[in-house]
*Asks:* 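If you scroll down you'll find the structure; I have some questions about it.
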Amino acid sequence: MRYALFSGCTIPNRFPGVEYATREILGERYLGAELLDVKEFTCCPALPTFYSSDRFTWLTVAARNLTVVQDLGADLVTICNGCFSSLLKASEELQNVLKCNMVNNVLADIGRQYRGRLVRTEGHRNFYEPVRVRHIIEVLYNDFGRKRIEALVRNPMRGVRAAVHYGCHYLRPTIRTTIDDPANPVMLDELVEATGAESVRYPEKLACCGAGGGVRLQVPRLANAITKDKLDSMLAAGAECIVTGCPYCLFQFDHAQRELRISSLPVLHISELLALAFGIDPDRLGFEWHFVTVRPFLKRLYPSVVEG
Amino acid sequence: MEDSVLTGQEHDPDFVSQIIRYGGHDVQTCLQCGNCTGVCPVSLKTPYKTRNLIKLCQYGYKKIFFSIPWICAGCHRCYEHCPADIDPAEVFVAIRHIQVRERGVPRWIRDNVGLILRNGFGAVPSDDIRRYRERQGLEPLPNTLPGYRTALEELATIFRRTGFDRILGLEEKK
Ligand code: SF4
Ligand code: SF4
């Protein structure tokens, strides 16, 4: 398997441990995928800023990112719901010939053209398919599968009760491709269970974390109020950690808990959880940049490894 | 909003078609069933109810929207439950387009775009994070490498060609 990893803005700059964990688990030591190093990416771009103020600029900037990978013969893999949503939506809108031509008209000025990925050639005709935009959860689930992940677990998370949070842009809107059942998603639950942990059932599972669409930036109190409903539901179900596939949701759960002072559930990205389960040294995973301390949780899991 | 009486003076007959022009759905097909309000996390916590906002669109009360913060979280739960196949989130996106053009762009958007124009990304690493990345053998962030200038120039060209710098008022600030 070859992938072009799209790390985005939040992960490399705020939660670099998630990038490290992702590269480790996908890389040769564990799942054995080839990760291509792409240097020309820019912001996906972020939907709340670009998509809200000019749809065409949003589409053109996203298309530029897609042109960077179209000739690499690899799927683009995102580790953030925001990047996933923005680039997937763009890849689909670019299938509209009219829009694609308008975008290419601008891209011509920077010497680029979005064609998609070449699938085959017949005589003088080339056949292309849209660049495939994927999410780490779905890549782990579909390309590697629960069995292979289970087989790599060295530190089973037995007895850990995890509240799984998919995040809105992994599931919705269903007007675009759906990668999981939007009403009853299973992929993240199964990945969590592959580590030996239990995914608890809680009523607010499909609800928003509260931060999306620039809400956190403008009215943080509102974002936290929405998060609180979700946290209450998780706590009532007896969860002791939160697992998500989106760094922005992670950020929101982390911050809201610190500001609301109602709980201190550690929040983990799925890559971090798998890295821990595979036996990667927790001290290398950059947990110091989580706002809610992960220490007590780690201590319980690895009494011999973690001190303090 | 809740204590002001609408007189009809604010009515803009062009609002519905303007929303469509900026990529929103046709709000005239809304049945006012209220499903969207029922599932909306923002409606639950604020006086702004999705169904009412769509009603205000139908009546062309454009100005009201200019005084409401952009608080739709874009979670698209409303769309999943709308029997008329309207995505209120997309309607609000269209209204933001109109606001940006008629009333200017909110500061946080301009700041964020400015950051992306300078760095290619919406965030820059602190020294601690740079050190951590080095220690773990993570690739240096592309925007810290000299060749990245080209990508930044490409972004600037795109913004100029699409008129984005003019829409955001970025050019006057230079
Ligand atoms: S769910 Fe759809 S039809 Fe019902 S009130 Fe909301 S926008 Fe209108
Ligand atoms: S997308 Fe916006 S309007 Fe729709 S349910 Fe979510 S927050 Fe409410």
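In what follows, every chain begins at residue 1, and chains take the letters A, B, ... in the order their sequences are listed.
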*Asks:* For chain A, which of G23(B), C72(B), A151(B) has the most heavy-atom pairs under 4.5 Å?
*Replies:* G23(B)
*Asks:* Under a 4.5 Å cutoff for heavy-atom pairs, which residue among L171(A), V38(A), L47(A), L206(A) has the most contacts with chain B?
*Replies:* L206(A)
*Asks:* Do T46(B) and L222(A) have side chains that get closer than 4.5 Å, going by heavy atoms?
*Replies:* yes
*Asks:* Using heavy-atom distances under 4.5 Å, tell me whether L285(A) contacts chain B through its side chain, its backbone, both, or neither.
*Replies:* backbone
*Asks:* Taking everything shown except R149(B) itself, do over 12 heavy atoms lie less than 6.0 Å from its CZ?
*Replies:* no
*Asks:* May I ask you to name which of R55(A), R284(A), K39(A) has the most heavy-atom pairs under 4.5 Å with chain B?
*Replies:* R55(A)
*Asks:* Short question: side chain of Q218(A), backbone of W70(B) - any donor-acceptor pair under 3.5 Å?
*Replies:* yes
*Asks:* Testing the basics here: between G214(A) and W108(B), what is the closest heavy-atom pair and its distance to 0.1 Å?
*Replies:* CA-CH2, 4.0 Å
*Asks:* Ignoring hydrogens, what is the shortest heavy-atom contact between I116(B) and C43(A)? Give both atom names and the distance.
*Replies:* CD1-SG, 3.7 Å
*Asks:* Is it the backbone or the side chain of E24(A) that comes under 4.5 Å from a heavy atom of chain B, or both, or neither?
*Replies:* neither
*Asks:* Most heavy-atom pairs under 4.5 angstrom with chain B, which of V219(A), V215(A), T174(A)?
*Replies:* T174(A)
*Asks:* Give a yes or no on whether Y148(B) atom OH has more than 12 heavy-atom contacts from other residues, nucleotides or ligands under 6.0 Å away.
*Replies:* yes
*Asks:* Run the numbers on K45(B) and D229(A) for salt bridge (charged side-chain N to carboxylate O under 4.0 Å, His left out), then give the verdict.
*Replies:* CA-CA 10 Å; K45(B) 303 285 175 193; D229(A) 284 357; 2.8 Å; yes
*Asks:* Output the option from D128(B), V39(B), D85(B), I98(B) having the highest count of non-hydrogen pairs under 4.5 Å with chain A.
*Replies:* D128(B)
*Asks:* Does some side-chain heavy atom of I158(B) sit less than 4.5 Å from a side-chain heavy atom of D109(A)?
*Replies:* no
*Asks:* What's the verdict on side chain to side chain contact (heavy atoms under 4.5 Å, CB included) for Q136(B) and E19(A), showing C-alpha distance, side-chain angles and the deciding distance?
*Replies:* CA-CA 10 Å; Q136(B) 299 305 316; E19(A) 183 184 335; over 6 Å; no
*Asks:* If you measure from CG on L107(A) to CZ on R161(B), what distance do you get to the nearest 0.5 Å?
*Replies:* 9.5 Å
*Asks:* Is it the side chain or the backbone of R64(A) that comes within 4.5 Å of chain B heavy atoms, both, or neither?
*Replies:* side chain
*Asks:* Using a 3.5 Å distance criterion without hydrogens, assess whether the side chain of Y22(B) forms a donor-acceptor pair with backbone atoms of D54(A).
*Replies:* no
*Asks:* If you count heavy-atom pairs within less than 4.5 Å of chain B, which of S85(A), G17(A), S52(A), A225(A) leads?
*Replies:* S52(A)
*Asks:* Between F159(B), F92(B), Y79(B), F164(B), who has the most heavy-atom pairs with chain A when the cutoff is under 4.5 Å?
*Replies:* F164(B)
*Asks:* Would a distance-only check, ignoring hydrogens and angles, find a side-chain to backbone donor-acceptor pair under 3.5 Å from R172(A) to G74(B)?
*Replies:* no
*Asks:* Shorter than 4.5 Å, heavy atoms on both sides: which option in P173(A), G213(A), C168(A) has the most such pairs with chain B?
*Replies:* P173(A)
*Asks:* Who among V61(A), D37(A), T60(A) has the most heavy-atom pairs with chain B under 4.5 Å?
*Replies:* D37(A)
*Asks:* Rounded at 0.5 Å granularity, tell me how far CD1 in I71(B) sits from CD1 in I226(A).
*Replies:* 8.5 Å
*Asks:* Can you tell which part of R101(B) gets under 4.5 Å to a heavy atom of chain A, answering side chain, backbone, both or neither?
*Replies:* side chain
*Asks:* Verify salt bridge (charged side-chain N to carboxylate O under 4.0 Å, His left out) between K89(A) and E90(B), making sure each step is shown before the conclusion.
*Replies:* CA-CA 13 Å; K89(A) 191 174 166 63; E90(B) 293 288 347; 3.5 Å; yes
*Asks:* Please report the closest heavy-atom contact between I109(B) and P48(A), naming both atoms and the distance.
*Replies:* CD1-O, 3.7 Å
*Asks:* Sort I95(B) into side chain, backbone, both or neither according to what part of it lies under 4.5 angstrom from a heavy atom of chain A.
*Replies:* neither
*Asks:* If you round to the nearest 0.5 Å, how far is CG of N143(B) from CD of E40(A)?
*Replies:* 13.0 Å
*Asks:* Rounded to the nearest 0.5 Å, how far apart are SG of C9(A) and CG of L115(B)?
*Replies:* 8.0 Å
*Asks:* Any sub-3.5 Å donor-acceptor pair from Y20(A)'s side-chain atoms to G137(B)'s backbone N or O?
*Replies:* no
*Asks:* Taking side chain as everything from C-beta outward and backbone as N, CA, C, O, which of these in R77(B) sits under 4.5 Å from a heavy atom of chain A? Side chain, backbone, both or neither.
*Replies:* both
*Asks:* Considering non-hydrogen atoms only, spot the tightest contact between S53(A) and V100(B) and give its length.
*Replies:* CB-CG2, 4.0 Å
*Asks:* Mind listing the closest non-hydrogen atom pair of N13(A) and A123(B) along with its distance?
*Replies:* ND2-O, 3.2 Å
*Asks:* Please report the closest heavy-atom contact between T42(A) and F121(B), naming both atoms and the distance.
*Replies:* C-CE2, 3.5 Å
*Asks:* Let me know if A89(B) has heavy atoms under 4.5 Å from chain A in its side chain, its backbone, both or neither.
*Replies:* neither
*Asks:* Using a strict threshold of under 4.0 Å (side-chain N to carboxylate O), is an ion pair present between R112(A) and E154(B)?
*Replies:* yes
*Asks:* Using atom types as modelled and distance alone, determine if a side-chain donor or acceptor of H169(A) lies under 3.5 Å from a backbone N or O of C75(B).
*Replies:* no
*Asks:* To the nearest 0.5 Å, what is the distance between CG (L141(B)) and CZ (F41(A))?
*Replies:* 13.5 Å
